[in-house]
Number of protein chains: 2
Amino acid sequence: MPLMPDRAAPSPAPPVLKRATLVDVAAHAGTSTISVSRALRRPAMVSEGLRARIMQAVQELGYVSDTAASALASRRSGVIGVLIPSVADAVFGDLLDGLYDAVAATPYTLQLGNTRSDAATEERLIRIHLGQRPAGLILAGIDQSSAARAALERAECPVVQIMDLTENPVDMQVGFSHHAAARTATGHLLARGYHAPAFIGARIDPRTERRLAGYREAMAEAGLAHRARVVTTPKPSSVGMGSTLFRRLRQYAPDADAVLCNDDDLALGALFAAQRAGLSVGREIGICGFNDLDVMAAAFPALTSVRTPRREIGAAALSMIATRLWDGDVAPPIRDLGFKLMVRASTERV
Amino acid sequence: MPLMPDRAAPSPAPPVLKRATLVDVAAHAGTSTISVSRALRRPAMVSEGLRARIMQAVQELGYVSDTAASALASRRSGVIGVLIPSVADAVFGDLLDGLYDAVAATPYTLQLGNTRSDAATEERLIRIHLGQRPAGLILAGIDQSSAARAALERAECPVVQIMDLTENPVDMQVGFSHHAAARTATGHLLARGYHAPAFIGARIDPRTERRLAGYREAMAEAGLAHRARVVTTPKPSSVGMGSTLFRRLRQYAPDADAVLCNDDDLALGALFAAQRAGLSVGREIGICGFNDLDVMAAAFPALTSVRTPRREIGAAALSMIATRLWDGDVAPPIRDLGFKLMVRASTERV
DNA sequence: TTGAAAGCGCTAACAG
DNA sequence: CTGTTAGCGCTTTCAA
């Protein structure tokens with residue numbers, strides 16, 4: 001860091017390193033600060049000639065608007081908050097990718113919050129974000145605490161709940177039905193001739209619960225409720241955990257001939273564990289994942305999975321907020337982006 | 001959005017929904033705004049009694065400090081900027097995890113920027129972040145454009161370059177040597193008796209280049225420079241791409257008996273491709289990854305990889321900034337967190 | 001289309 | 001330890 005003399009000698013030289021402000025730009029362009037402000041935010045409100053002079057001054061002085069001052073004066077911040085349960089999970093990575101992609105074309109900035117799947121943390125983060133007068137708020141999931149929900153309902157900005165669907169969203173929502181997806185996947189296993197598909201899941205959260213319910217419903221509909229087998233753990237999901245749960249399942253329910261995995265990591269772990277056990281994946285044991293990360297199609301044998309529109313959800317959420325902010329109305333404010341079962345060798349039975 | 005009457009009728013009722021400000025809290029607690037401000041930021045500067053009254057008023061009014069006003073008045077923002085090349089990559093996911101974990105214990109907030117491995121984007125983001133008077137800036141990589149570097153050197157906040165090491169950091173740095181890591185991994189393959197280890201890589205960036213150089217150096221040292229085989233693609237890395245590159249390698253250099261993969265995704269893809277080709281992984285073909293994601297140990301056969309301290313780097317970077325901000329000096333301002341070769345079945349030869 | 005004046009809510013600096 | 005006084009740099013009226 002550069003050292004400064006105790007007291008700078010008064011000198012005609014410009015104060016070193018002081019950032020240019022609107023006042024500086026206005027002086028440089030021979031106009032008022034408000035015109036500069038307008039030229040920058042709504043170019044159409046300023047005559048062409050003035051605008052040109054202003055833009056040049058901005059260039060020459062390397063002016064960068066002060067976000068804080070702007071937010072304070074306008075009571076608006078340009079920050080869109082995003083609250084997700086995990087930053088390390090590939091599923092949310094894809095979501096973020098879609099989000100960052102979409103935001104690049106707007107004047108907004110994303111501010112990420114990591115809830116760690118903890119309701120209290122989420123509540124705290126919601127408060128903090130709301131305190132910053134965000135331009136919008138994007139929340140993963142629909143399971144906010146009631147206090148959080150109350151705060152959200154008082155929010156003066158658009159709010160989008162994503163990744164899931166609920167009857168009564170706070171404001172807007174875009175996602176897909178985890179229940180239906182699991183139900184479809186289970187139906188697929190049954191249709192392929194697996195008689196006793198099981199379910200394995202790690203770190204059970206509300207989203208997972210809905211998938212599990214979908215699995216159970218499909219089993220019940222097939223008159224196989226008594227054959228439902230579920231193995232879960234509160235620990236975080238990982239490929240290694242997938243292997244562990246698979247082994248546990250084989251021990252607890254040796255009759256299970258297929259397994260619906262709560263996510264792709266678990267499915268991959270199940271695949272490796274099955275191979276270690278010398279099982280023929282697809283024929284002796286069916287494996288189906290959830291999310292359809294790129295690895296699923298590349299695996300050997302290729303793994304069946306439910307493709308979820310994570311990137312698309314991110315893009316849609318951002319566009320919904322931008323639309324609301326610019327045009328006012330968003331239609332429809334509730335979007336089901338669906339899912340798609342990607343059938344591959346791991347559930348081929350034959 | 002709630003509708004507002006054109007002109008609110010003057011009424012004795014409290015203005016609906018108006019957020020409490022310092023003035024409100026001060027009035028409620030019977031003191032001045034500055035004392036409230038102090039009680040909140042430096043509790044020690046206020047007597048116990050006053051503090052208690054203030055805290056209660058804060059509670060009762062649900063006061064939340066206005067970030068923008070605070071930043072404007074103090075010329076400090078509490079925001080630590082983090083610029084990474086990808087939000088979807090598991091490697092950076094782990095980094096973020098470490099970062100978010102560490103920041104939770106501080107009063108700071110992280111603001112993520114996605115450079116998409118693009119120097120111009122990175123430069124732009126650096127400017128934007130710097131314009132917000134961040135409390136600190138964390139940059140992945142050491143390959144900023146010269147304009148970006150110039151801006152960074154003028155920055156008035158701590159700057160940490162992470163994930164890599166360079167002779168002349170902008171300010172502080174924490175990472176490990178990609179060159180040395182690849183050199184070590186290649187050395188391992190040679191020591192295990194593989195005579196012609198190749199290298200595959202996707203989306204070659206400067207970090208990758210250094211790994212490749214490490215590979216080449218190890219080959220040269222072993223007098224096998226003439227046996228070096230490299231297959232790369234500008235496309236993004238993925239498991240599927242790993243399979244593709246592996247097949248391409250087999251075609252182009254059928255004599256290669258091992259492959260050092262630029263990342264774990266590629267290694268996993270190589271594993272699957274090798275299995276598809278009926279090769280015995282470990283014996284007929286050695287496979288080594290880079291980063292050691294959880295999947296590597298769980299795979300069948302388990303895959304050798306270079307473990308990189310991503311979470312630790314995140315935690316260290318944040319602590320370096322916090323220390324600089326609170327205590328002034330950070331020692332040492334340059335940290336090599338090293339790496340560790342995790343040897344597993346995929347390079348067992350035997 | 002342009003400008004002048006008046007804050008936004010907070011904190012730095014200086015007094016008591 | 002506590003309070004007063006001035007802004008921070010921008011945008012919002014309102015007026016010309």
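Chain naming here is simple, since letters A, B, ... match the order of the sequence lines and numbering starts at 1 in each.
B:Asp171 and B:Arg324 get closest at one heavy-atom pair: OD1-NH2, 2.9 Å. The nearest pair of heavy atoms linking B:Trp326 to B:Pro107 is CZ2-CD, 3.8 Å.
Take the nearest nucleotide of DNA chain D for B:Met45 and for A:Val64: the residue whose nucleotide is more 5' is B:Met45. Nearer to the 5' terminus of DNA chain D, by closest-nucleotide assignment, is the contact made by B:Val46 (compared with the other of B:Val46 and A:Arg76).
Between A:Arg41 and the phosphate of D:dT11, there is a side-chain N or O to OP1/OP2 separation shorter than 4.0 Å. Considering only side-chain N and O atoms, A:Ser74 lies nowhere under 4.0 angstrom from the phosphate OP1 or OP2 of C:dC8. Between D:dC10 and A:Ser70, no contact under 4.0 Å exists linking OP1 or OP2 to a side-chain N or O. Residue B:Ser35 places no side-chain N or O under 4.0 Å from the OP1 or OP2 atom of D:dT2. When the side-chain nitrogen and oxygen atoms of A:Arg19 are compared with OP1 and OP2 of D:dG9, none of them lie within a distance under 4.0 Å. Taking 4.0 angstrom as the limit, A:Ser32 places none of its side-chain polar atoms (N or O) nearer than this to OP1 or OP2 of C:dT2. Between C:dG3 and A:Thr31, a contact under 4.0 Å exists linking OP1 or OP2 to a side-chain N or O. Regarding contacts with the backbone of C:dT11, a side-chain N or O of B:Ser37 is found under 4.0 angstrom from either OP1 or OP2. The phosphate of D:dG9 has neither OP1 nor OP2 within less than 4.0 Å of any side-chain N or O from A:Ser65.
The nucleotide whose nearest atom lies closest to any side-chain atom of B:Ser47 is, among D:dC1, D:dT11, D:dG9, D:dC1. When each of D:dC10, D:dG3, D:dG9 is scored by its nearest atom to the side-chain atoms of A:Tyr63, the top-ranked nucleotide is D:dC10.
Looking at heavy-atom distances under 4.0 Å, A:Arg42 makes no contact with the nucleic acid at all. B:Ala44 comes within 4.0 angstrom of the backbone, heavy atoms only, and of no base.
Atom CG in B:Leu72 sits roughly 11 Å away from atom P in D:dT11 (whole-Å rounding). Summarising the geometry, the separation between CZ on A:Arg133 and C1' on C:dC8 is reported as 8 Å, rounded to the nearest angstrom. Atoms CG (B:Leu22) and C1' (C:dA12) sit 14 Å apart, rounded to a whole Å. The CG-P distance, from B:Leu40 to C:dT11, rounds to 8 Å in whole Å. The distance between atom CZ of A:Arg51 and atom P of C:dT1, rounded to the nearest whole Å, is 10 Å.
The base of D:dG3 lies close enough to the side chain of B:Arg38 for a donor and an acceptor atom to sit less than 3.5 Å apart.
Side chain of B:Arg310 to main chain of B:Asp97: no donor-acceptor pair is present (N/O by atom type, distance under 3.5 Å, no hydrogens or angles).
The pair B:Arg133-A:Asp66 counts as a salt bridge, with a side-chain nitrogen and a carboxylate oxygen less than 4.0 angstrom apart. Under a 4.0 Å N-O distance rule, the pair B:Arg19/B:Asp24 does not qualify as a salt bridge.
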